[in-house]
Amino acid sequence: MSSQYQIRADHDARTIVVYQAYSPAIADAALRAGRFVAPFSFHRMTWIKPSFLWLMHRSNWARKPGQERVLAVRISREGWEEALSRAVLTTSDPAAVAQAAVHVQWDPERSARGAALNHYSIQVGVGRQLIRTFTDDWIVSLTDLTPQVRKAAALVQTGRAAKAQRLLPAERVYPLPRALEDRLSPRG
């Protein structure tokens with residue numbers, strides 16, 4: 001895959017971290033249970049993002065209503081790659097997208113200040129067919145990053161983005177098997 005479309009993530013030999021932003025009710029219940037439980041919806045697609053800064057852009061640093069809490073969701077690499085193996089790019093044939101268990105889209109990566117960068121970040125939509133597998137089998141741990149997010153947001157807001165950078169998770173290229181690279185690579 002071209003360097004513009006590499007997956008960059010916090011990962012180790014067994015796991016990868018993806019980020020999600022939720023309401024306090026969903027985040028608190030999930031953190032108490034150690035996995036997603038009601039009021040989390042098991043009846044709609046959930047989007048997971050390995051790019052911390054993309055989620056910060058999407059959630060406005062945890063300030064958007066319903067996205068005030070940021071969770072680091074550590075999942076097994078086996079589960080991550082299973083999801084990717086079932087993915088269809090959202091730019092594919094609409095009928096294929098409608099039938100897919102997992103959706104993938106590539107959006108411009110973001111800087112700490114929210115500016116679009118010239119490489120892309122993957123967003124993975126886990127569909128209803130796989131939600132229980134995601135929540136019950138793939139998740140290794142959940143961590144509340146909200147205090148760290150608030151501290152970093154305050155630094156960015158006051159013009160100290162370089163200092164905020166030290167609070168951000170370290171992300172590096174995730175090595176994909178060739179078959180998955182081919183499956184996820186945007187064409188044209």
Side-chain angles (χ1 to χ4, degrees), residues 1-21 45-62 64 67 70-94 96-97 100-127 130 134 138-141 143 145 148-149 152-153 155-156 159-188:
M1 211 178 306
S2 80
S3 63
Q4 277 192 302
Y5 292 96
Q6 291 174 326
I7 297 170
R8 292 167 185 85
D10 176 1
H11 60 89
D12 60 28
R14 292 182 34 256
T15 63
I16 181 172
V17 177
V18 294
Y19 303 97
Q20 294 185 285
M45 182 169 283
T46 191
W47 287 86
I48 57 178
K49 300 149 183 75
S51 168
F52 180 80
L53 284 176
W54 201 92
L55 183 65
M56 293 308 96
H57 169 71
R58 176 75 175 85
S59 70
N60 191 21
W61 290 89
K64 279 190 181 174
Q67 297 182 30
V70 173
L71 301 182
V73 182
R74 187 170 291 277
I75 63 175
S76 70
R77 284 176 68 154
E78 183 179 312
W80 172 250
E81 291 183 17
E82 167 70 16
L84 297 180
S85 75
R86 299 179 69 176
V88 171
L89 292 169
T90 57
T91 55
S92 297
D93 172 58
V97 173
V102 177
H103 295 177
V104 162
Q105 66 186 45
W106 293 93
D107 295 308
E109 180 59 278
R110 299 295 171 156
S111 72
R113 291 191 173 128
L117 301 176
N118 64 357
H119 60 277
Y120 294 84
S121 178
I122 195 171
Q123 323 306 317
V124 178
V126 179
L130 284 177
F134 167 68
W138 297 347
I139 293 177
V140 174
S141 67
T143 305
L145 295 184
Q148 180 179 331
V149 166
L155 290 168
V156 169
R160 297 180 287 169
K163 193 168 186 180
Q165 199 71 34
R166 289 183 245 159
L167 296 172
L168 308 182
E171 296 172 355
R172 63 191 195 286
V173 174
Y174 182 92
L176 276 179
R178 182 64 183 197
L180 288 179
E181 276 190 23
D182 292 344
R183 180 178 198 86
L184 302 174
S185 182
R187 309 273 190 260

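Just so you know, these numbers come straight off a predicted model, no measurement behind them.
In this structure, Asn118 has no side-chain hydrogen bond (donor to acceptor under 3.5 Å, both in side chains) partners at least two apart in sequence or on a different chain. The ring-ring contact (aromatic ring centres under 6.0 Å, His included) check on Phe52 picks up Tyr19, with sequence neighbours excluded. The side chain to side chain contact (heavy atoms under 4.5 Å, CB included) test applied to Arg110 returns Trp54, His57, Ala116, not counting sequence neighbours. With sequence neighbours excluded, no residue forms a salt bridge (Lys or Arg N to Asp or Glu O under 4.0 Å) with Arg77. Applying the side-chain hydrogen bond (donor to acceptor under 3.5 Å, both in side chains) test to Glu109 and every residue at least two apart in sequence or in another chain returns Ser51. With sequence neighbours left out, the side chain to side chain contact (heavy atoms under 4.5 Å, CB included) criterion links Arg14 to Asp12. For Ser59, there are no side-chain hydrogen bond (donor to acceptor under 3.5 Å, both in side chains) partners, not counting sequence neighbours. Applying the salt bridge (Lys or Arg N to Asp or Glu O under 4.0 Å) criterion to Glu171, with sequence neighbours excluded, gives no partner residue. Applying the ring-ring contact (aromatic ring centres under 6.0 Å, His included) criterion to His11, with sequence neighbours excluded, gives Tyr174. In this view, Thr91 and Leu89 satisfy the side chain to side chain contact (heavy atoms under 4.5 Å, CB included) rule, not counting sequence neighbours. Applying the side-chain hydrogen bond (donor to acceptor under 3.5 Å, both in side chains) rule to Glu78 yields no partners; only residues at least two apart in sequence or on another chain are considered. For Ser85, the side chain to side chain contact (heavy atoms under 4.5 Å, CB included) partners two or more places apart in sequence, or in a different chain, are Glu82, Leu180.
In this structure a side-chain-to-backbone donor-acceptor pair under 3.5 Å is missing from Trp138 to Arg74. Checked by atom type and distance alone, the side chain of Ser92 never pairs as donor or acceptor with a backbone atom of Ala96 at under 3.5 Å. A donor-acceptor distance shorter than 3.5 angstrom exists from the side chain of Gln123 to the backbone of Ser121, with no hydrogens or angles considered.
Counting heavy-atom neighbours within 6.0 Å of Arg8 CZ, excluding the residue itself, gives a total above 12. By the 6.0 Å contact criterion, NZ on Lys163 is open, its count of non-hydrogen atoms from other residues, nucleotides or ligands being 12 or less.
Closest heavy-atom contact between Val140 and Ser76: CG2-N, 3.9 Å.
Using the six-membered ring where Trp is involved, Tyr5 and Trp106 have ring planes that are perpendicular, over 60° apart on the 30 and 60° scheme.
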